[in-house]
Amino acid sequence: MDTLKRLEATIAERMSASPDSSYVAKLNAKGVSKIAQKVGEEATETVIAAVSGSNEELVSESADLLFHLLVLLKAKGVGLDEVCAELDRREGLSGLDEKAQRTQ
Ligand SMILES: N=c1c2ncn([C@@H]3O[C@H](COP(=O)(O)OP(=O)(O)OP(=O)(O)O)[C@@H](O)[C@H]3O)c2ncn1[C@@H]1O[C@H](COP(=O)(O)O)[C@@H](O)[C@H]1O
């Protein structure tokens, strides 16, 4: 998590850099649709690596996917903490489901 938080901060800082010197700034300048398209491409490459690639390829594609997802979230003004809060909420809900099942 520290890694993702650090990367989120780096991405925020690079958003307003020169597109000539920063991949994040260059991608951001192309707009949300292009960033979303990159997330889709990286997701597909991750799926292909999982189904027919090595675990090394899966790790590499997963890193590309997480990176581009963080760029997309930043471009949309959504914080990683909001996504984590949603995951925490679901974890709580699934705990409640388990408790409900145990008392049935
Ligand atoms: N983690 C990454 C990272 N992962 C992947 N990439 C870039 O993502 C691009 C994706 O490659 P592709 O082959 O899919 O796409 P492409 O053909 O280069 O580009 P498109 O024309 O398809 O858009 C490559 O150019 C990679 O260099 C990244 N670029 C930057 N980061 C991090 O972001 C930080 C800031 O980077 P800058 O904005 O470049 O300073 C860096 O310090 C890193 O920590």
Side-chain angles (χ1 to χ4, degrees):
M1 269 314 291
D2 285 353
T3 303
L4 292 180
K5 283 194 83 68
R6 231 177 16 247
L7 184 55
E8 182 188 43
T10 301
I11 287 168
E13 186 198 309
R14 301 301 285 162
M15 281 295 212
S16 53
S18 163
D20 292 336
S21 65
S22 162
Y23 175 76
V24 169
K26 192 171 147 197
L27 185 55
N28 187 45
K30 291 179 182 171
V32 166
S33 295
K34 176 65 184 177
I35 305 171
Q37 184 190 323
K38 287 295 294 179
V39 172
E41 288 170 13
E42 301 302 348
T44 302
E45 285 167 18
T46 301
V47 169
I48 292 168
V51 171
S52 59
S54 65
N55 278 7
E56 201 176 21
E57 287 166 330
L58 179 57
V59 167
S60 176
E61 296 302 344
S62 298
D64 279 350
L65 176 58
L66 288 172
F67 165 71
H68 283 90
L69 180 59
L70 285 179
V71 176
L72 181 62
L73 290 173
K74 180 56 69 186
K76 291 292 295 179
V78 174
L80 180 60
D81 56 347
E82 291 177 65
V83 178
C84 290
E86 174 64 15
L87 288 171
D88 289 346
R89 190 187 66 79
R90 292 180 190 184
E91 199 178 16
L93 283 182
S94 90
L96 289 176
D97 285 348
E98 281 166 27
K99 270 184 220 157
Q101 279 169 10
R102 276 201 300 272
T103 55
Q104 277 173 5

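For this chain, numbers begin at 1 and follow the sequence in order. Atoms within each ligand, like the ligands themselves, are counted from 1 in listed order.
- Backbone and side-chain nitrogen or oxygen atoms of Thr10 are examined, and none is located within less than 3.5 angstrom of a nitrogen or oxygen of ligand 1.
- In terms of protein heavy atoms, atom 38 (O) of ligand 1 is closest to Ser22 OG, 2.5 Å.
- Less than 4.0 angstrom separates atom 27 (O) of ligand 1 from none of the non-hydrogen atoms of the protein.
- Of all heavy-atom pairs spanning Leu72 and Ala36, the tightest one is CD1-N, 3.9 Å.
- Looking at Lys30 next to ligand 1, no N or O pair under 3.5 Å apart turns up.
- Of the N or O atoms in Tyr23, one or more lie within a sub-3.5 Å distance of an N or O in ligand 1.
- No option in Glu86, Glu91, Arg90 other than Glu91 meets the side chain to side chain contact (heavy atoms under 4.5 Å, CB included) test with Asp88.
- Distance remark: protein heavy atom present below 4.0 angstrom from atom 1 (N) of ligand 1.
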Please report, to 0.1 Å, the donor-acceptor pairs under 3.5 Å made by any side chain of residues 18-31, with sequence neighbours excluded.
| from | atom 1 | to | atom 2 | distance (Å) |
| --- | --- | --- | --- | --- |
| Ser18 | OG | Asp20 | N | 3.1 |
| Ser21 | OG | Ser18 | O | 3.2 |
| Ser22 | OG | Val24 | N | 3.3 |
| Ser22 | OG | Ala25 | N | 3.0 |
| Tyr23 | OH | His68 | NE2 | 2.8 |

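- For the pair His68 and ligand 1, a heavy-atom separation below 4.0 Å is found.
- Inside a 4.0 Å radius of atom 32 (C) of ligand 1 there is at least one protein heavy atom.
- The CD atom of Glu41 sits 7.0 Å away from atom CD of Glu45, with the distance rounded to the nearest 0.5 Å.
- Separation of atoms CG (Asp81) and NZ (Lys5) is listed at 5.5 Å; rounding is to 0.5 Å.
- Regarding atom 16 (P) of ligand 1, its nearest protein heavy-atom neighbour is Lys38 NZ, 4.1 Å.
- Among protein heavy atoms, the minimum distance from atom 4 (N) of ligand 1 is reached at Phe67 CD2, 3.5 Å.
- Heavy-atom proximity to Glu42, at under 4.0 Å, picks out these atoms of ligand 1: 14 (O).
- Considering only non-hydrogen protein atoms, atom 35 (C) of ligand 1 sits nearest to Arg14 CG, 3.8 Å.
- Distances from atom 13 (O) of ligand 1 to the protein include no heavy-atom value under 4.0 Å.
- For atom 22 (O) of ligand 1, the nearest protein heavy atom is under 4.0 Å away.
- In summary, the atoms of ligand 1 found under 4.0 Å from a heavy atom of Leu7, numbered by their order in the structure, are 32 (C), 44 (O).
- Here the straight-line distance linking atom CG of Leu80 with atom CG of Leu4 works out to 6.0 Å at 0.5 Å rounding.
- Contacts of Glu56 classified as side-chain contact (heavy atoms from CB on, under 4.5 Å), with partners at least two apart in sequence or in another chain: Ser54.
- Closest of all the heavy-atom pairs between Glu8 and Lys74 is O-CE, 4.2 Å.
- When only interatomic distances are considered, the shortest N/O to N/O separation between Val24 and ligand 1 falls below 3.5 Å.
- Closest approach of Val32 to Lys76, counting heavy atoms only: CG1-CD, 3.9 Å.
- At a heavy-atom cutoff of 4.0 Å, ligand 1 is contacted by the side chain of Asp64 but not by its backbone.
- Listed here is the closest heavy atom pair of Val39 and Leu65: O-CD1, 3.7 Å.
- Considering all non-hydrogen atoms of both residues, Thr46 and Glu61 come closest at OG1-O, 3.3 Å.
- Remark: ligand 1 and Glu41 share no N or O pair separated by less than 3.5 Å (distance only, no angle test).
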